[in-house]
Every structure is written in C-alpha cells, then in structure tokens.
Amino acid sequence: MRGAMRGLNRGLRAMMADFLLRRSFGSIPLTPESEEGVKILFQAMDFDQDGYVEPADIEKSLQMLGAPDGMVRAEVADLMSRDAGKDGKLSAAEFCAEGYELAGNSAQFLAQAITTAVTQQAVVKEAKSLSGSGSPFFDFLVGEQLLDNLGQSSVETKEVIEGKKYVGIYLSAHWCPPCRKFTPQLAKAYEAINSQNPDELAVIFVSCDRTPEAFREYLQEMPWQSVDFEGDKDYIGFSSRAGSFVECSSIPTLGIFDAQGNLITKDGVDSVRGHAELFLETFK
C-alpha cells in the first residue's frame, strides 16, 4: 500500500497535468471489482459520515490530491449528474450507480489516496501543535528510538538532539541516484561542522528504501543516526510523519529545524549544495 501511496505524492500529482488530453466522459460499466472500489471511494469522500457525498466533499477530495481547478469543476459536475433525487447530494446508491475512475486511476486507488491525505493532514496538524516543544516534537516526528549508523545499537531520540543547535531530517534512498550523489556532500558538511562544534548539528535519516538490505547498505555511508527501517512504518518513507510534515514529494529532501522543533527550511538540500559546510551560516 505504501507503494501506491507514493503515487499520491509523485505519480498522481504529475499525472493530473495531462488530464484534459486523456479524460473520457460517459458511464463506466460496473463490475464486481469496480463496484467494490466505488463503494470504498464513497466512504472516503463521506467526510462527515452522514451517508451522503455533497459537491463540497468531492471538491475537497480532489483538492487533497492536487487536482487543478478545471479538473475539480469537471469532476464535481460529472459525479453530481448521478443525483437522481435532485437534492444536491449523492446517496450511496446514487454514487455507486456507475463505476468511476480518474485519468486511469481506479476508484479504489483514489480512495486509498484520499484516506492517506486525510491521515497526513492530521499528522501535520498534531506535529504543528508540538512544534517548539523540543524533544516531544521530534519523538512524534521520527519516534523515540533511533539506530546508530551501523544499524546495530539503539539510542533515544532525545539524546541525539540534546544540546544541538540544529536538527536535520534527511529523507533519501539507496535506489535514488541524486540521493547517492548528495549523501557524500551532506556527510562531508556534517563532519566538518561537528569537528568544529559537536553541538551544532544532528541529522536523522528517514529511509525511503524498498528493502531492509538496501537500507542497511546505504546507512553505512552515513555518519548520523537513523529511524529503524523495520520499525513502525509511520516513520518511514515519503508518507512518513516527517515526510508529511516537510511535504516531501521528491528525494533527497532535507528539512532543517532548530532545537525546539521549529522548521527553518524544507530546502536544506539546496543550502548544502550551495554553501557546503557553511550552509548553517545562512540561517543565523
């Protein structure tokens, strides 16, 4: 499912751009599979769980997926044409009277994407409520326990950030060529900074890898701590709590925070590329 959810962050958003070239109007025949999918989509769009989907629900759903305004208007009109009762809302029976897909994506995929977007919004809201609290914020974002760069010993997150002036949250993956190019640059800057002042910077790796083996191999190239790839999946990947908070849609991504958990920049990668070991000076 996480592979599909990466589609929300990358594939689906990019796909929206050619919507008008690919949109085909008209009914989609119901099959047992598509009928189940459209039922799940109805449940995902029924935000207040009152048994109806209204135009505002459809609009909200598509906006969550990054759909352009023209697409949103077209899909609202298309779905609301199923309103047999002409009461301005769709019952489950009306909504599910036909199949549904969007630019080649099934109703079930869209339902999963909407559900994930709702979850991500809730995560971001809670994280923002903890921003400025220091350790509780980072515990929420990456978990209370981290691994050393050998992937062998665990250490409490609060110990990793204790006394540090800045904390970097680094989303990256072994399979990603730009990441493999950037990681040595970040490691060089990190080591140069901490050789001068060990209390200046902590970095925490959030893996977007596909296998534990790739994660462990990649971790060997890093001189900092990491979220456990085989631990709680809320802390791993594009859709992780950290990924959601920094709006990670591509990697490498480096979010830079102060010690209290206030976000300074989501664009730490560009800062490191432009200023190397002096990149923190741009935030002072």
Side-chain angles (χ1 to χ4, degrees), residues 124 127-151 155-174 176-209 215 218-227 235-238 240-284:
V124 171
K128 285 182 176 179
S129 74
L130 293 169
S131 183
S133 65
S135 181
F137 170 81
F138 290 107
D139 284 348
F140 177 79
L141 214 61
V142 298
E144 297 180 3
Q145 297 286 329
L146 301 172
L147 292 177
D148 65 15
N149 68 312
L150 298 177
V155 58
E156 290 187 352
T157 302
K158 65 181 180 181
E159 292 182 14
V160 172
I161 67 170
E162 186 176 8
K164 302 296 185 182
K165 189 171 182 180
Y166 299 99
V167 178
I169 305 294
Y170 181 44
L171 290 101
S172 184
H174 186 272
C176 164
C179 300
R180 298 295 301 277
K181 182 178 180 179
F182 177 73
T183 294
Q185 295 175 274
L186 179 59
K188 183 177 180 181
Y190 172 86
E191 290 175 332
I193 290 167
N194 283 293
S195 68
Q196 297 294 319
N197 183 358
D199 294 329
E200 190 76 356
L201 175 66
V203 173
I204 299 169
F205 172 44
V206 174
S207 175
C208 297
D209 281 301
F215 160 73
Y218 194 29
L219 189 57
Q220 307 303 308
E221 303 175 23
M222 303 179 187
W224 45 72
Q225 289 77 23
S226 171
V227 173
Y235 303 118
I236 293 295
F238 287 87
S240 63
R241 291 182 178 183
S244 297
F245 191 80
V246 299
E247 299 178 328
C248 178
S249 59
S250 63
I251 51 176
T253 289
L254 177 65
I256 302 296
F257 301 79
D258 67 20
Q260 298 306 310
N262 298 300
L263 180 63
I264 297 172
T265 182
K266 304 172 188 176
D267 300 320
V269 169
D270 288 342
S271 297
V272 173
R273 285 172 174 161
H275 303 281
E277 67 269 18
L278 299 179
F279 81 96
L280 291 179
E281 297 299 318
T282 63
F283 308 134
K284 295 179 180 179

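Only this structure's heavy atoms are used, side chains among them; waters, hydrogens and symmetry mates stay out. None of the values given here were measured: they were computed from a predicted structure.
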**Q** If only atom types and distance count, is the side chain of T282 paired as donor or acceptor with the main-chain N or O of F279 below 3.5 Å?
**A** yes
**Q** Distance-only criterion, 3.5 Å: show the donor-acceptor pairs between side-chain atoms of residues 254-268 and protein atoms not counting sequence neighbours.
**A**
from : atom 1 : to   : atom 2 : distance (Å)
D258 : OD1    : Q260 : N      : 2.9
D258 : OD1    : G261 : N      : 3.0
D258 : OD1    : N262 : N      : 2.9
D258 : OD1    : N262 : ND2    : 3.4
D258 : OD2    : N262 : ND2    : 3.0
N262 : OD1    : S131 : OG     : 3.4
T265 : OG1    : D267 : N      : 2.9
K266 : NZ     : E247 : OE1    : 2.6

**Q** Locate the shortest heavy-atom distance separating L171 from G237; write the atom from each residue and the value.
**A** CD2-O, 3.7 Å
**Q** For the OG atom of S226 and the CG atom of L219, what is their distance to the nearest 0.5 Å?
**A** 5.0 Å
**Q** Roughly how far, to the nearest 0.5 Å, is the CZ atom of F138 from the NZ atom of K158?
**A** 15.0 Å
**Q** Heavy atoms only: give me the nearest S240-G243 pair and the separation to one decimal.
**A** OG-N, 2.9 Å
**Q** Please find out if less than 6.0 Å separates the ring center of F245 from that of F140.
**A** no
**Q** May I ask you to decide if G143's main-chain N or O and T157's side chain share a donor-acceptor pair within less than 3.5 Å?
**A** yes
**Q** Can you tell me how far apart CG (D148) and CE (M222) are? Round to the nearest 0.5 Å.
**A** 13.5 Å
**Q** Quick one: does E277's side chain get under 4.5 Å of S195's, heavy atoms only?
**A** no
**Q** Check each of Y166, Y170, W224 against Y190 using the ring pair (Phe, Tyr, Trp, His ring centres under 6.0 Å) test, and report the only one that passes.
**A** W224
**Q** Assess the residue pair V227 and L146 against the criterion (side-chain contact (heavy atoms from CB on, under 4.5 Å)); give the C-alpha distance rounded to whole Å, side-chain angles, the decisive distance to 0.1 Å, and a yes or no.
**A** CA-CA 5 Å; V227 173; L146 301 172; 4.0 Å; yes
**Q** How long is the span from the OG atom in S135 to the CD atom in E159, to the nearest 0.5 Å?
**A** 10.0 Å
**Q** Could you measure the distance from the CG atom of N149 to the CD atom of Q225? Nearest 0.5 Å is fine.
**A** 7.5 Å
**Q** So which heavy atom on P136 is nearest to which on L130, and how close?
**A** O-CD1, 4.0 Å
**Q** If every non-hydrogen atom of I169 is compared with every non-hydrogen atom of A242, which pair is closest and at what distance?
**A** CG2-CB, 3.7 Å
**Q** Return the minimal non-hydrogen interatomic distance between P223 and A187, and the atom names on each side.
**A** CD-CB, 3.8 Å
**Q** Taking atom CD of E221 and atom NE2 of H174, what is their separation to the nearest 0.5 Å?
**A** 6.0 Å
**Q** Report all side-chain donor-acceptor pairs from residues 197-207 shorter than 3.5 Å, counting only partners two or more places apart or in another chain.
**A**
from : atom 1 : to   : atom 2 : distance (Å)
N197 : OD1    : D199 : N      : 3.1
N197 : ND2    : E200 : OE1    : 3.2
E200 : OE2    : K284 : NZ     : 2.9
S207 : OG     : D209 : N      : 2.9
S207 : OG     : D209 : OD2    : 3.0

**Q** I251 and A173: which non-hydrogen atoms are nearest, and at how many Å?
**A** CD1-CB, 3.7 Å
